[in-house]
Asks: 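One structure coming up, written as structure tokens, with questions to follow.
Keep in mind that this is a model prediction, so the values were computed, not measured.
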Amino acid sequence: MKILVLGAGLVGGPMAMDLARDGEFEVTSADISAEALLKLREFPGIQTIKADLGDLPELVALANGFDLVVSAVPGHMGYRTLETLIECRKNVVDIAFFPEDMFGLDEKARAMGVTVICDMGVAPGMSNVLLGYGASMLDHLEKGIIYVGGLPVVRTWPYEYKAVFSPIDVIEEYTRPARYIDGGRLVVREALSDPELIDFPGIGTLEAFNSDGLRTLATTLKGDYMIEKTLRYKGHIEKMAVLRDTGFFSKEPLNVNGTLISPLEFTSRLLFPKWKLEPGEEDLTVMQVITEGVKDGVRQRYTWNLYDRYDIASGIHSMARTTGYAATMAARLIAGGLYQEKGVSAPEFLGRNPVFVNYLLEGLRRRGVVYRESHEMMG
């Protein structure tokens, strides 16, 4: 089977390497960056193509030679890229964090007879899978809570934050209104709101804030209370709120001495060098997924904890591994004919079937990404 990986960056590159590692697939990585592709040319089993993935006719010509596509394009390109791939009748696993409703493409994907799994990273992604799985083991879901964050091991002033994603995509977490479910009803709050301080073993105290990571879970699952909160080191919320409320994250162009400048684009250019994880720079990923509810009249709690760190042996960052390997395992589900649902699937759809959940968890475990489950009877 021929698999095309769109994007050869800090997440796309490791995805291509993982898919090529066992020789099961013919893997091609495509990116506009010759520098990013150069790093993959030494890896056995990966072909590289320099391509402008934002050029839709070029994307169509590129995709036509492949059986399955894994998309790791930036969020602002995600929806139209996915729509184009569907129109090309390609099965797709997508990790682009685009703001549009993925189910807007469901009818088209069904008509084209293709299987699409969107938001299939760590969070959204495995967070949805596990919350969906926990809910499926309960008669009634009372609480579904996700805490998640990717952080540098070494805290560097001023932001004490590093990312493997585009800064613009990260900034979305600070600007996009956060939706959660309370009392069974949808609530919308501004991002960065309702801060909490939470202690995590091996890390210390982190601050959690509302973000829009619940995404499709807000409509695909029924629960009394469901929320996702992003984790950062203490003090990060205030810094981001100052930048946001001053206008540095605005997309509206400003006229500066006769030149129109996007504050968001300008800010991202400044932040990227400070936020970029460099080769060898260690990071960690922490996530906790909690489901509480009733089964056969008894209240129960299922919890999954992830604590993952930069892999020194491979030189692959934790956020790239936890995100990318979730996507490559989902790609294997499709490639192996295990998941054949036509249309657009959210990750929690996989969580309805323990076979799919165990397949993903076991594949991640073999790659060193371990989710630890606990189950409590609460009386």
Asks: To the nearest 0.5 Å, tell me how far Glu207 CD sits from Arg232 CZ.
Replies: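 Output value for this atom pair is 9.5 Å.
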Asks: Strictly below 4.0 Å, N to O, side chains only: are Glu35 and Lys50 in salt-bridge contact?
Replies: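 Not counted as a salt bridge, because no side-chain N and carboxylate O are separated by less than 4.0 Å.
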Asks: Ignoring hydrogens and geometry beyond distance, is a side-chain donor-acceptor pair present between His236 and Glu160 at under 3.5 Å?
Replies: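 No - no donor-acceptor pair under 3.5 Å links their side chains.
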Asks: Find out whether Asp67 and Ile3 are in side-chain contact, i.e. whether some heavy atom of one side chain is under 4.5 Å from a heavy atom of the other.
Replies: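 With C-beta onward as the side chain, the pair stays apart.
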Asks: Assess whether a salt bridge exists between Glu83 and Arg80, defined as any Lys/Arg side-chain N lying under 4.0 Å from an Asp/Glu carboxylate O.
Replies: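 No salt bridge links Glu83 with Arg80.
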Asks: Is Lys295 salt-bridged to Asp139, going by a charged N under 4.0 Å from an acidic O?
Replies: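 Salt bridge present between Lys295 and Asp139.
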Asks: Side-chain contact test, heavy atoms from C-beta onward, threshold under 4.5 Å: evaluate it for Met120 versus Asp94 and give yes or no.
Replies: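 Heavy-atom side-chain distance check fails, nothing below 4.5 Å.
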Asks: Checking side-chain hydrogen bond (donor to acceptor under 3.5 Å, both in side chains) for the pair Gln288/Thr303: CA distance, chi angles, key distance, verdict?
Replies: CA-CA 7 Å; Gln288 184 175 76; Thr303 304; 6.0 Å; no
Asks: Measure the acute angle between the ring planes of Phe103 and Phe349, then classify it against the limits of 30° and 60° as parallel, tilted or perpendicular.
Replies: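 Correct class here is parallel.
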Asks: What's the verdict on side-chain contact (heavy atoms from CB on, under 4.5 Å) for Leu62 and Leu6, showing C-alpha distance, side-chain angles and the deciding distance?
Replies: CA-CA 10 Å; Leu62 175 64; Leu6 301 180; 4.2 Å; yes
Asks: In Å, rounded to the nearest 0.5 Å, how long is the span from CG of Asp119 to CG of Leu217?
Replies: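 Atom-to-atom, Asp119:CG and Leu217:CG are 9.0 Å apart.
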Asks: Whether Asp182 and Arg189 form a salt bridge (side-chain N of Lys/Arg under 4.0 Å from carboxylate O of Asp/Glu) is what I want to check.
Replies: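 No.
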Asks: Salt bridge check, Glu265 against Lys251: does any charged N sit closer than 4.0 Å to a carboxylate O?
Replies: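 Result for this pair is no, no salt bridge flagged.
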Asks: What is the distance from atom CZ of Arg215 to atom CD1 of Ile146, rounded to the nearest 0.5 Å?
Replies: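 Rounded to the nearest 0.5 Å, the CZ-CD1 separation comes out at 12.0 Å.
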Asks: Relative to each other, are the rings of Tyr225 and Tyr180 parallel, tilted or perpendicular (30° and 60° limits)?
Replies: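 If you compare the ring of Tyr225 with that of Tyr180, the planes turn out perpendicular.
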Asks: Is a salt bridge present between Asp308 and Arg321, judged by a nitrogen-to-oxygen distance below 4.0 Å?
Replies: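 Here Asp308 pairs with Arg321 in a salt bridge, since their nearest N and O are under 4.0 Å apart.
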Asks: Donor-acceptor check, side chain of Arg185 to backbone of Ile181, threshold 3.5 angstrom: yes or no?
Replies: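 Checked: no pair found.
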Asks: Any chance the rings of Phe97 and His76 have centres within less than 6.0 Å?
Replies: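 Ring-ring flag for Phe97/His76: false, centres at least 6.0 Å apart.
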Asks: Taking the basic N atoms (NZ, or NE/NH1/NH2) and the acidic carboxylate oxygens, is any pair closer than 4.0 Å for Glu376 and Arg301?
Replies: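 Salt bridge flag = yes for Arg301 with Glu376.
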Asks: Closest heavy-atom contact between Ala109 and Gly343?
Replies: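 Ala109 and Gly343 have their closest heavy atoms at CB-CA, 3.6 Å.
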Asks: Does the side chain of Glu292 come within less than 4.5 Å of Met378's, by heavy atoms?
Replies: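 Counting from C-beta outward, Met378 and Glu292 do come under 4.5 Å.
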Asks: Salt bridge check: are Arg155 and Glu282 linked by an N-O gap of less than 4.0 Å?
Replies: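 Between Glu282 and Arg155 there is no salt bridge, as every charged N stays at least 4.0 Å from the carboxylate O atoms.
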Asks: Which class fits the ring pair Tyr310 and His317: parallel under 30°, tilted 30 to 60°, perpendicular over 60°?
Replies: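 Tilted.
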Asks: Working to the nearest 0.5 Å, report the span between CE of Met137 and OH of Tyr302.
Replies: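 Between Met137 CE and Tyr302 OH, I get 4.5 Å after rounding to 0.5 Å.
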Asks: Can Arg332 and Asp18 be counted as an ion pair, charged N to O under 4.0 angstrom?
Replies: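 A salt bridge is present here (some side-chain N lies under 4.0 Å from a carboxylate O).
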Asks: Kindly give the heavy-atom pair with the smallest separation between Gly132 and Leu221, and that separation in Å.
Replies: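 Smallest heavy-atom distance, with atoms named: CA-CD1, 4.0 Å.
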Asks: Begin with the C-alpha distance, continue with both residues' side-chain angles, and end with the deciding distance and a verdict on side-chain hydrogen bond (donor to acceptor under 3.5 Å, both in side chains) for Asp224 and His140.
Replies: CA-CA 9 Å; Asp224 298 335; His140 175 71; 2.8 Å; yes
Asks: Verify whether one side chain among Asp283 and Ser318 offers a donor that lies under 3.5 Å from an acceptor in the other.
Replies: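 Result is no, nothing qualifies.
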Asks: Salt-bridged, Arg179 to Asp212, with N to O below 4.0 Å?
Replies: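 Looking at Asp212 together with Arg179, the answer is yes, because their closest N to O distance falls below 4.0 Å.
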Asks: Which heavy-atom pair separates Lys2 from Gly65 by the least distance, and what is that distance?
Replies: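 The answer is CD-O, 3.4 Å.
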Asks: Write down the atom of Asn91, the atom of Thr115, and the distance for their closest heavy-atom approach.
Replies: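 Nearest pair, atom of Asn91 first, then Thr115: OD1-N, 2.8 Å.
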Asks: Apply side-chain contact (heavy atoms from CB on, under 4.5 Å) to residues Leu360 and Val129 and explain how you reach the verdict.
Replies: CA-CA 9 Å; Leu360 294 170; Val129 171; 4.2 Å; yes
Asks: State, to 0.1 Å, how close Val188 and Pro177 come at their nearest heavy-atom pair, and which atoms those are.
Replies: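 Closest approach of Val188 to Pro177, heavy atoms only: CG1-CB, 3.8 Å.
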Asks: Students often mix this up, so state it plainly: with edges at 30° and 60°, are the rings of Tyr339 and Phe356 parallel, tilted or perpendicular?
Replies: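 Geometry flag for Phe356 against Tyr339: perpendicular rings.
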Asks: Should the pair Arg352-Glu348 be classified as a salt bridge under the 4.0 Å nitrogen-to-oxygen rule?
Replies: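 Salt bridge: no.
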Asks: Mind checking the CD-CE spacing from Gln300 to Met377? Nearest 0.5 Å is all I need.
Replies: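 Answer rounded to 0.5 Å: 4.0 Å.
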Asks: Return the minimal non-hydrogen interatomic distance between Ala96 and Val73, and the atom names on each side.
Replies: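 That would be CB-O, 3.5 Å.
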Asks: How are the rings of Tyr133 and Trp304 set relative to one another: parallel (under 30°), tilted (30 to 60°) or perpendicular (over 60°)?
Replies: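 It falls in the tilted class, 30° to 60°.
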Asks: Once you round to the nearest 0.5 Å, how far does NZ of Lys276 lie from CG of Leu10?
Replies: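 Separation between the atoms: 7.0 Å.
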